[in-house]
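Here the structure is laid out as structure tokens; the discussion comes afterwards.
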Amino acid sequence: MLTFANIPPRLTRAEASLYLRERHGISRSNGTLAKLAVIGGGPVFRKAGTRRVVYDVSELDRWANSITSESIASTSAAA
């Protein structure tokens with residue numbers, strides 16, 4: 001179980017999915033992260049061996065910030 005007090009520097013795909021949901025409120029399943037790794041548009045990852053994928057926490061944070069907007073006060077401000 002991940003807690004924000006002891007997050008390792010690199011996370012598995014399942015841990016990355018949980019981290020994005022808990023830390024940023026972004027819901028991306030393991031399968032979606034896997035698909036994004038193939039087609040692009042997802043967070044940067046590293047290969048650890050032949051099949052294992054890990055995500056740097058700093059890259060997950062950077063990606064999450066890149067797909068969310070700045071804080072806005074009203075819907076008309078977003079237009």
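Values reported hereafter were calculated over all heavy atoms of this structure, with side chains retained and with hydrogens, waters and symmetry mates removed.
Side-chain contact between D56 and V44 is absent, with no heavy-atom pair separated by less than 4.5 Å. Between S17 and R21, some side-chain heavy-atom pair lies under the 4.5 Å cut-off. With a 4.5 Å cut-off on side-chain heavy atoms, L36 and W63 count as touching.
Contact detail for L60 and A16: the closest heavy-atom pair is CD1-CB, 3.8 Å. Considering every non-hydrogen atom in both Y19 and I7, the closest pair reads CE1-CD1, 3.5 Å.
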**Item:** Audit row: L11, V57, side chain to side chain contact (heavy atoms under 4.5 Å, CB included) steps and yes/no
**Value:** CA-CA 7 Å; L11 304 176; V57 170; 3.9 Å; yes
**Message:** Walk me through whether E15 and V54 qualify under side chain to side chain contact (heavy atoms under 4.5 Å, CB included).
**Reply:** CA-CA 9 Å; E15 292 169 334; V54 293; over 6 Å; no
**Prompt:** Is there a side chain to side chain contact (heavy atoms under 4.5 Å, CB included) between F45 and L33 once you walk through the steps?
**Reply:** CA-CA 10 Å; F45 60 91; L33 290 175; over 6 Å; no
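Here I26 contributes atom CD1 and N65 contributes atom CG; the two are 8.0 Å apart, rounded to the nearest 0.5 Å. Distance check, rounded to the nearest 0.5 Å: NE2 of H24 to CD1 of I67 gives 9.5 Å. The structure places CZ of R28 at 14.0 Å from CZ of R13, a figure rounded to the nearest 0.5 Å. For the atom pair CG of L18 and OG of S27, the computed distance is 10.5 Å after rounding to the nearest 0.5 Å.
K35 places no side-chain N or O within donor-acceptor distance of the main-chain N or O of V38, the cut-off being under 3.5 Å.
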